[in-house]
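To start, the structure under review is shown below, and the notes come after it.
Protein chains get the first letters and strands the later ones, always in sequence-line order, with residue 1 at the start of each. Here the structure is a predicted model, which means the values were calculated and not measured. In what follows, every heavy atom counts, from backbone to side chain, and hydrogens, waters and symmetry copies are set aside.
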Amino acid sequence: MLDKKYNFKETEKKWQDAWKQSKIFAFNTQSRLTKYLIDTPPPTISGPSLHTGHLFSYTHIDVIARHYRMSGYEVFFPMGFDNNGLPSGRYVQKKYNLNLNNLSREQFTDKCLEEIKNIQPIYKNLFESLGFSCNMENTYSTIDKNSQKISQQSFIELYNKGEIFRQKSATLWCPECKTAIALSEIETKEKESKMNYIYFGIAGSDEKLEIATTRPELLPACVCVFVNPEDKKHKHLIGKKAITPLFHKEVPILANEEALMDKGTGVVMCCTFGDEADMQWQKTFNLPIIEAITANGRMTDIAGEFAGLKIKEAREKIIEKLKEENILYKQEDITHLVATHERCKCDIEILSKQQWFISILKHQQEIFDAGQKCKWHPESMKKRFLNWVEGLKWDWCISRQNFFGVPFPVWYCAKCGKVHLADIKDLPVDPLKTTPSTPCECGSNEWIPEKDVMDTWATSSLTPLISLNLEFNQGLSGENLPMSLRPNAHDNIRVWDFYTIVKALLHFGKLPWNDVVISGYVVDEKGEKISKSKGNEKMSPQQLVENYSADVARYWASNVSMGHDTIFSLEQLANGSKLVQKIFNASKFVLSFLQDAPKDKPEKMEIMDKWILNELQIAEENFDRYMKEYEIGLALKEIEKLFWNFCDNYIEIAKNRLYKPEIYGEEAKKSAQYSASFVLQAILKYFSIYMPHITEEIYMNSFGQAKKEKSIHTSLYLKQNAVVDQNLFDLGADVVMIVSRIRGEKSQNNLSLKTEVEKLILSGFDEKIKLAEQDIKAVGSVKEIIYQDAKQKNIEVFLKAD
RNA sequence: GGGAGUUUAGCUCAGUUGGCUAGAGCAUCUGCCUUACAAGCAGAGGGUCAUAGGUUCGAGUCCUAUAACUCCCACCA
């Protein structure tokens, strides 16, 4: 029996413990069912707790997982933690205010691992308190031994395939984090700056050349000046030499079509450093490379008196000096977009450095095609991916000059410099701690270890294999690919989705998964993404669960249309609370009439009992259609609609027959019992993927108990496999309209709903409406119904005289 | 500048392949203790479907243009 009042705190905990104990969500590799494999995003460990966005997006995944489980699939729903690399490292460094110059890589790594150990359980607890049906007993982390092994093996295999190379080339560099970064880690930010107009001299002439620049500190690295060959004002200078101000260096004036006449002054200085276009020109025109900036973001010796200054200081000082010498003739305030590092918001520099790269430019077309083959939900997200692929300009730089991350399995021979890779059987290795077992071909046994670590994404791009390895123990192999589903938010399209597709293609020539579901963000009333740094999170996920229950939090999170942002709303949470209570009340009420309910469909069914089964069928078809498209919110709405129809119309009608078989007959009661039981059960099952606790509580105290089942969540949906009957639909709609009209008449006359109706005249209705006569009479307290022929439907209600 | 999305009731959003009078929830208003539920129930009001053209017997839905907002990319002279 169910309690009088629903106590979510006790009940949710009770079932979470029960699920954990009975391991009902464990994956069975031996199962004969079709597998549904989810590549769950491992949350990044970069803070002490999870935010509303996590609750939101992981709920979506759980709903999908539960849906497939109840649709008869063997669902693989793993959980992992992304904790290698810069995000975790930076968090630990900041939290303990660590100076990395005073720590060894090992010491820092240990500190990171220790912190991760503390945080992971916090994440796990939240996931458990939300009733997620992922396997929490067997999780991975992207820094654990297996992940490192798979990641290093991936490096070795791609290296052997010729897809990985090391070279000194233009590298996106963060001077704050002192590491190389990838294109995907860049965030463009609008910043205020000044456009400086300065004079260059011309060798052997008094003429002056006007040049505009936002980065005068790069002047010492200037190697040439470009003008457009069509530029009438400047073309006579081509071939002459310009003289840089302050540094008085002679540089050639070259013709370059890419120098646009209408931009700036029409004259560009080229510095082969610090700017992507400049580095391109360096290659095209074979210009000398002059390094102006160090890895720490300070000026090199080339800057003379400005050497050693930070970039911004140098800029200010140089501008001052240019002003003093009257070389700067104009200055404008501008705002422009600057490439910054998304982790620290520091301006990106472009330096020339030795780095490891994975070839992606030469595979651009294949990646594009793969993106096209993936099924993106919503479909418009495909364009975003393709758009990104089309815009690729760099190979994938995977080396990072950090401490914390997966090491490269690489040594260099101290004598001949040859690259030596670790044996696959020895993986994972840390080249700082071990050396190769055999000497180099040149005979030397002295090794220089690669000190860099791999980019986080070099490892997280392998989550399909890392997660599958938990159950299938398959290592780096293309078995079980493509997986069924990758769910993540839209910011990850060009990052995680992209890199995962790249790796699966390069290794196996396969897609990593068939479907990608893209979710939006949780935003505040102003439409801004909710995040801790913005301080617009009204309630933490923990508070949400404590104040509203997991089911209600999940209900709110499920109310989405795929790919769109959702506003965090206390109203929706209140709605959820009401719905949960309503489900409890309605179920309790209906169940109280079902002790002697017939198991099989009675021969003779009342018309409105057939009608509600028909309504269920309609809801099911809509539900299935939406779920196929991963529209969990719209699917939920269908079930909600059905549920309210069931409560407000069906139960109200049927309860008279359930209450009083002595008046309406035993057969009419059986008929109602059957429909009420069937529909309630079906509704509970559909609701259970969204609100697993309340539905489990009801189901296991009734239907599930009777059938000796373990849980509603391991049961299958209750399907009728019937055909929708349009006539039944119309007839039911007519009855609902008639009942509504009777209620309205009473309401408008400020009368109680139990007021008797003396006479009801129904004109123009189908003959069959008479089949519902006793139900209409009962629900509306109608004494007499008169039927009339008419062309138009009409309802006349005569209330008892007041 | 290139790509994408959004624009429907006061608010948040549905609206499949064009098809009766454009829907839901919340909010507002009115009423009702009715034998599950007053944290409930019944009912009502509220929309020039961003704008302007076009296709069509018929357009919220298709086409063209425009505007506003959001996101991604490019733009550091």
Side-chain angles (χ1 to χ4, degrees), chain A residues 5 183 186 188 191 193 195-197 210-215 218 225-227 258-260 262-271 274-278 334 336-339 347-348 350 378 380-388 390-393 490-491 493-494 520-521 523 525 527-529 559-561 563-567 569-572 574-575 577-593 622 625-626 629 631 633-634 637-638 640-641 644 647-648 651-652 655-656 659-660 739-755 779 781:
Chain A
K5 190 124 179 93
L183 185 59
I186 286 182
T188 42
K191 291 200 175 177
S193 180
M195 183 64 76
N196 306 285
Y197 292 84
E210 298 169 350
I211 288 184
T213 178
T214 54
R215 302 205 55 187
L218 293 177
V225 168
F226 290 122
V227 298
E258 289 178 49
L260 304 175
D262 54 351
K263 226 171 175 184
T265 61
V267 186
V268 200
M269 69 167 186
C270 175
C271 301
D275 181 322
E276 191 190 317
D278 294 35
I334 56 158
H336 63 171
L337 294 168
V338 183
D347 289 8
I348 294 302
I350 294 176
S380 59
M381 295 299 172
K382 179 193 276 183
K383 281 261 171 72
R384 283 213 205 185
F385 180 87
L386 300 179
N387 197 227
W388 172 255
E390 281 172 328
L392 289 175
K393 292 177 310 200
H490 50 67
D491 56 344
I493 294 174
R494 66 191 174 107
Y521 289 144
V523 296
E525 296 89 342
E528 283 187 50
K529 185 183 175 185
N559 243 307
V560 289
S561 106
H564 290 95
D565 293 344
T566 295
I567 296 176
S569 133
L570 293 172
E571 272 169 15
Q572 272 299 333
N575 266 350
S577 300
K578 286 181 190 172
L579 177 63
V580 166
Q581 190 58 49
K582 184 86 177 178
I583 293 173
F584 191 76
N585 291 341
S587 301
K588 222 170 47 163
F589 179 62
V590 170
L591 287 170
S592 70
F593 294 107
N622 291 334
R625 202 184 70 236
Y626 283 130
E629 294 302 318
E631 288 286 3
L634 299 179
K637 281 270 173 292
E638 286 298 321
E640 264 189 270
K641 222 164 66 188
W644 289 102
C647 290
D648 297 342
I651 297 182
E652 286 302 320
K655 74 177 174 189
N656 299 293
Y659 265 125
K660 298 171 185 161
V739 169
S740 174
R741 184 62 196 282
I742 296 169
R743 287 165 171 172
E745 206 68 39
K746 292 175 185 176
S747 192
Q748 268 155 32
N749 288 294
N750 297 352
L751 293 169
S752 155
L753 285 180
K754 62 178 181 185
T755 311
V779 77
S781 308

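Across all strands shown, A:Met195 has heavy atoms under 4.0 Å from sugar-phosphate atoms exclusively, and none from any base. Residue contacts for A:Cys647: at a heavy-atom cut-off of 4.0 Å it reaches a base atom on one of the strands shown. Looking at heavy-atom distances under 4.0 Å, A:Glu745 makes no contact with the nucleic acid at all. Note on A:Ala339: nothing from the nucleic acid sits closer than 4.0 angstrom, heavy atoms only. Using a 4.0 Å heavy-atom criterion, one finds that A:Asn622 contacts no nucleic acid atom at all.
When the C1' atom of B:A24 is taken as reference, atom CD of A:Glu571 falls 14 Å away, rounded to whole Å. Note: CD (A:Gln572) to C1' (B:C13) measures 9 Å, nearest angstrom. Nucleotide B:C13 holds its C1' atom 8 Å from the NZ atom of A:Lys637, rounded to whole Å. To the nearest angstrom, P of B:C11 lies 19 Å from CG of A:Leu570. Rounded to an integer number of Å, the gap from NZ of A:Lys660 to P of B:U34 is 14 Å. To the nearest angstrom, P of B:C41 lies 18 Å from NZ of A:Lys746. Atom CD1 of A:Ile567 is separated from atom C1' of B:C13 by 10 Å (rounded to the nearest Å). At whole-Å resolution of the value, CG in A:Asn575 and P in B:C13 are 14 Å apart.
Among the nucleotides B:G43, B:A39, B:A77, the one closest to the side chain of A:Lys578 is B:A39. Minimum atom distance to the side chain of A:Ser380 is reached by B:G5, of the listed B:G5, B:C37, B:C41. Candidate nucleotides B:G43, B:C32, B:A42 were compared by shortest atom distance to the side chain of A:Ser752, and B:C32 ranks first. Here the nucleotide nearest the side chain of A:Leu634, chosen from B:G5, B:U34, B:G15, is B:G15. In the set B:A77, B:U34, B:A14, B:U34 carries the atom at the smallest distance from any side-chain atom of A:Leu753. Distance from the side chain of A:Ser747 is smallest for B:A42 among the nucleotides B:C37, B:A42, B:A77.
Remark: side-chain polar atoms of A:Lys746 are not paired, donor with acceptor, to backbone N or O of A:Leu751 under 3.5 angstrom. When atom types are taken as modelled, the side chain of A:Ser587 and the backbone of A:Ile583 share a donor-acceptor pair closer than 3.5 angstrom. Here the side chain of A:Asp278 pairs no donor or acceptor atom with the backbone of A:Cys270 at under 3.5 angstrom.
The heavy-atom pair separating A:Glu631 from A:Ser561 by the smallest distance is OE1-CA, 3.6 Å.
More than 12 heavy atoms of other residues, nucleotides or ligands sit less than 6.0 Å from atom NZ of A:Lys529.
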Under 3.5 Å, which protein N or O atoms sit close to an N or O of nucleotides 69-73 of chain B? Give each pair with its distance.
residue : atom : partner  : partner atom : Å
B:C71   : O2'  : A:Arg384 : NH1          : 3.2
B:C73   : OP1  : A:Arg494 : NH1          : 2.7
B:C73   : OP1  : A:Arg494 : NH2          : 3.3

Between A:Arg384 and A:Asn387, does the side chain to side chain donor-acceptor pair (under 3.5 Å) criterion hold? Intermediate values first, please. CA-CA 5 Å; A:Arg384 283 213 205 185; A:Asn387 197 227; over 6 Å; no
A:Thr755 vs A:Glu745, side-chain contact (heavy atoms from CB on, under 4.5 Å): CA-CA, chis, key distance, verdict: CA-CA 10 Å; A:Thr755 311; A:Glu745 206 68 39; over 6 Å; no
Is there a side-chain contact (heavy atoms from CB on, under 4.5 Å) between A:Ile651 and A:Phe589? Walk through the geometry before answering. CA-CA 9 Å; A:Ile651 297 182; A:Phe589 179 62; 3.4 Å; yes
Paired and unpaired positions of RNA chain B as dot-bracket, Watson-Crick or G-U wobble under 3.5 Å, | denoting a partner strand: (((((((..((((.....[...)))).(((((.......))))).....(((((..]....))))))))))))....
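Put simply, the side chain of A:Lys637 reaches to within 4.5 Å of the side chain of A:Asn559, judged on heavy atoms. Taking 4.5 Å as the limit, some side-chain heavy atom of A:Met195 sits within range of a side-chain heavy atom of A:Thr214.
Of the P atoms belonging to B:C26 and B:U66, the separation is 41 Å, rounded to the nearest Å. Comparing the P positions of B:A24 and B:G45 gives an interatomic distance of 11 Å, to the nearest angstrom. The gap from the C1' atom of B:C20 to that of B:C37 amounts to 37 Å, rounded to the nearest Å. For the C1' atoms, the distance from B:G43 to B:G54 is 43 Å, rounded to whole Å. The gap from the C1' atom of B:C29 to that of B:G46 amounts to 11 Å, rounded to the nearest Å. Between B:G18 and B:G58, the two C1' atoms lie 8 Å apart (nearest whole Å). When the P atom is used for both B:G60 and B:U16, the distance is 12 Å, rounded to whole Å. Nucleotides B:C69 and B:U64 are separated by 23 Å at their P atoms, to the nearest Å.
Taking CZ from A:Arg215 and CG from A:Asp347, the interatomic distance works out to 7.5 Å, rounded to the nearest 0.5 Å. The CD atom of A:Gln572 sits 9.5 Å away from the OG1 atom of A:Thr566 when rounded to the nearest 0.5 Å.
Both A:Thr566 and A:Ala586 lie close to RNA chain B; mapped to their nearest nucleotides by heavy-atom distance, the more 5′-ward contact belongs to A:Thr566.
In this structure, A:Lys582 reaches the B:C41 phosphate: one of its side-chain N or O atoms is under 4.0 Å from OP1 or OP2. Phosphate proximity of B:A77 to A:Thr214: present, with a side-chain N or O under 4.0 Å from OP1 or OP2. Remark: A:Ser561 is in phosphate contact with B:A14, judged by side-chain N or O atoms under 4.0 Å from OP1 or OP2. At least one side-chain nitrogen or oxygen of A:Ser740 sits closer than 4.0 Å to the OP1 or OP2 atom of B:G43.
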